[in-house]
Student: 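Sharing a structure with you now.
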Amino acid sequence: QVQLVESGGGLVQPGGSLRLSCVASGSEFSMKVMGWYRQAPGKQRELVAVITPGGTKNYADSVQGRFTISRDNAKNTVYLRMNKLKPEDTAVYYCNLGPVKYGSTWSPRHDAWGQGIQVTVSS
């Protein structure tokens, strides 16, 4: 089965930046859509960004213009560069291997999550 490991989270001040990484093992990474999701306390897990095998990107409105998703197929890795961070970006961030599109919504594969990594934005 797939194994996904995130890294790069931590504590940053408002306006700061972080880059998250997610390495996928035991999968056909280059053929899969990759997604980043996040979940804050008391809220549903929500889509942050997705990237297709060909490099097409989609972002949640809340992060559009501030976050950038990218991938390196040779390294089986997907990245999330987060700029101009806000306190409301505070959440646990998860990568997902192979989300699927239903209409206009990207739904995650429920058996293909990373362990989650905390991002805290606070002064």
Side-chain angles (χ1 to χ4, degrees):
Q1 292 185 336
V2 64
Q3 180 177 335
L4 302 108
V5 179
E6 299 104 333
S7 62
L11 174 65
V12 296
Q13 295 182 336
S17 298
L18 283 174
R19 189 180 75 161
L20 306 182
S21 300
C22 174
V23 180
S25 300
S27 66
E28 291 288 340
F29 176 86
S30 64
M31 301 297 293
K32 300 289 188 180
V33 177
M34 292 296 300
W36 284 100
Y37 294 75
R38 67 185 182 186
Q39 188 166 22
K43 297 183 179 179
Q44 288 187 293
R45 193 169 298 186
E46 65 178 0
L47 174 71
V48 177
V50 295
I51 183 168
T52 70
T56 300
K57 304 170 183 179
N58 292 102
Y59 298 94
D61 289 343
S62 59
V63 306
Q64 183 77 46
R66 299 189 297 119
F67 290 11
T68 302
I69 189 171
S70 61
R71 67 192 298 159
D72 186 338
N73 289 338
K75 297 181 178 180
N76 282 9
T77 301
V78 63
Y79 305 95
L80 186 69
R81 170 63 70 182
M82 303 181 292
N83 295 326
K84 300 179 180 179
L85 283 160
K86 305 174 181 179
E88 51 263 44
D89 295 317
T90 296
V92 177
Y93 284 71
Y94 301 86
C95 66
N96 187 260
L97 177 68
V100 296
K101 192 174 184 180
Y102 295 101
S104 61
T105 301
W106 287 97
S107 297
R109 283 181 54 190
H110 297 291
D111 61 347
W113 291 109
Q115 82 280 6
I117 189 162
Q118 180 71 46
V119 172
T120 302
V121 185
S122 177
S123 60

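A quick note: this is a predicted structure, and the numbers were derived from the prediction, not measured.
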Student: Atom CZ of Arg19 and atom OG of Ser21: how far apart are they, to the nearest 0.5 Å?
Tutor: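 Output value for this atom pair is 4.5 Å.
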Student: Is it the case that one hydrophobic cluster holds both Leu4 and Val33, taking links as side-chain heavy atoms less than 4.5 Å apart, direct or via other members?
Tutor: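 They do not share one cluster, since no chain of ILVMFWY contacts under 4.5 Å joins Leu4 to Val33.
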Student: What is the distance from atom CG of Leu47 to atom CG of Asn58, rounded to the nearest 0.5 Å?
Tutor: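 Taking CG in Leu47 and CG in Asn58, the distance rounds to 8.0 Å.
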Student: Please report the shortest heavy-atom distance between Gly35 and Val50, naming the atom on each side.
Tutor: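 Scanning both residues completely, I find the closest heavy atoms to be CA-CG1, 3.9 Å.
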Student: Mind checking the CD-OG spacing from Gln13 to Ser123? Nearest 0.5 Å is all I need.
Tutor: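 OG of Ser123 is found 7.0 Å from CD of Gln13.
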Student: If you define the side chain from C-beta out and look only at heavy atoms, does anything of Thr56 sit under 4.5 Å from Ile51?
Tutor: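 SC-SC contact between Thr56 and Ile51 ruled out.
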Student: Could you check if a side-chain atom of Lys43 sits within less than 4.5 angstrom of a side-chain atom of Arg38, using non-hydrogen atoms only?
Tutor: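 In short, these two side chains do not touch, never coming nearer than 4.5 Å.
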Student: In the structure I gave you, are the side-chain heavy atoms of Phe67 and Leu85 within less than 4.5 Å of one another anywhere?
Tutor: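 A side-chain contact exists here, since the closest heavy-atom pair is under 4.5 Å.
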Student: Would Ile117 and Tyr94 satisfy side-chain contact (heavy atoms from CB on, under 4.5 Å), going step by step from the backbone distance to the final call?
Tutor: CA-CA 7 Å; Ile117 189 162; Tyr94 301 86; over 6 Å; no
Student: Between Tyr59 and Val48, is a side-chain contact (heavy atoms from CB on, under 4.5 Å) present by the stated rule, with each step listed?
Tutor: CA-CA 6 Å; Tyr59 298 94; Val48 177; 5.9 Å; no
Student: Working to the nearest 0.5 Å, report the span between CZ of Phe29 and SG of Cys22.
Tutor: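 These two atoms lie 7.5 Å from each other.
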Student: Kindly indicate, with the supporting measurements, whether the criterion side-chain contact (heavy atoms from CB on, under 4.5 Å) is fulfilled by Leu97 and Met34.
Tutor: CA-CA 5 Å; Leu97 177 68; Met34 292 296 300; 3.2 Å; yes
Student: For Asp72, does its backbone N or O pair with a side-chain atom of Thr77 as donor and acceptor, under 3.5 Å?
Tutor: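 Absent.
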Student: What is the minimum heavy-atom distance between Leu80 and Ala49, and which atoms define it?
Tutor: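 Heavy atoms of Leu80 and Ala49 come nearest at CD1-CB, 4.4 Å.
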Student: With Val119, which of Val92, Leu20, Asp89 fulfils side-chain contact (heavy atoms from CB on, under 4.5 Å)?
Tutor: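 Exactly one option meets the side-chain contact (heavy atoms from CB on, under 4.5 Å) with Val119, and it is Leu20.
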Student: Closest heavy-atom contact between Pro14 and Ser122?
Tutor: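 Pro14 and Ser122 have their closest heavy atoms at CD-C, 3.6 Å.
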Student: Going by distance alone, is a donor N or O of one side chain under 3.5 Å from an acceptor N or O of the other, for Arg81 and Asn83?
Tutor: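 Note: Arg81 and Asn83 side chains miss the donor-acceptor criterion.
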Student: Scan side-chain atoms only and decide if Tyr37 and Arg45 contain a donor-acceptor pair under the 3.5 Å cut-off.
Tutor: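 Tyr37 vs Arg45: no donor-acceptor pair found between side chains.
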Student: How long is the gap from CG on Asn76 to NZ on Lys32, to the nearest 0.5 Å?
Tutor: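 Taking CG in Asn76 and NZ in Lys32, the distance rounds to 12.5 Å.
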Student: Considering all heavy atoms of both residues, which atom of Pro108 and which atom of Pro99 are nearest to each other, and what is their separation?
Tutor: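 Smallest interatomic distance, heavy atoms only, reads CA-CB, 4.0 Å.
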Student: Evaluate Trp36 against Val78 for side-chain contact (heavy atoms from CB on, under 4.5 Å), listing each step before the verdict.
Tutor: CA-CA 9 Å; Trp36 284 100; Val78 63; 3.8 Å; yes
Student: Mark yes when over 12 heavy atoms from residues, nucleotides or ligands other than Glu88 sit less than 6.0 Å from its CD; otherwise mark no.
Tutor: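 Yes.
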Student: Under 3.5 Å, is there a donor on one side chain and an acceptor on the other for Thr120 and Gln118?
Tutor: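 Their side chains do contain a donor-acceptor pair, which is all the 3.5 Å distance test asks for.
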Student: Is there side-chain contact between Tyr79 and Arg71, with at least one heavy-atom pair below 4.5 Å?
Tutor: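 No. Closest side-chain heavy atoms not under 4.5 Å.
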Student: Is the shortest side-chain heavy-atom distance between Gln115 and Val5 below 4.5 Å?
Tutor: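 They are in contact (side-chain heavy atoms under 4.5 Å apart), so the answer is yes.
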Student: NZ of Lys57: more than 12 outside heavy atoms within 6.0 angstrom?
Tutor: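 For Lys57, atom NZ is crowded (more than 12 foreign heavy atoms under 6.0 Å).
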Student: Taking C-beta and beyond as the side chain, do Met82 and Tyr93 meet within less than 4.5 Å on heavy atoms?
Tutor: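 In contact.
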Student: Could you check whether any side-chain heavy atom of Glu46 comes within less than 4.5 Å of a side-chain heavy atom of Gln39, counting everything from C-beta outward?
Tutor: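 Heavy-atom side-chain distance check fails, nothing below 4.5 Å.
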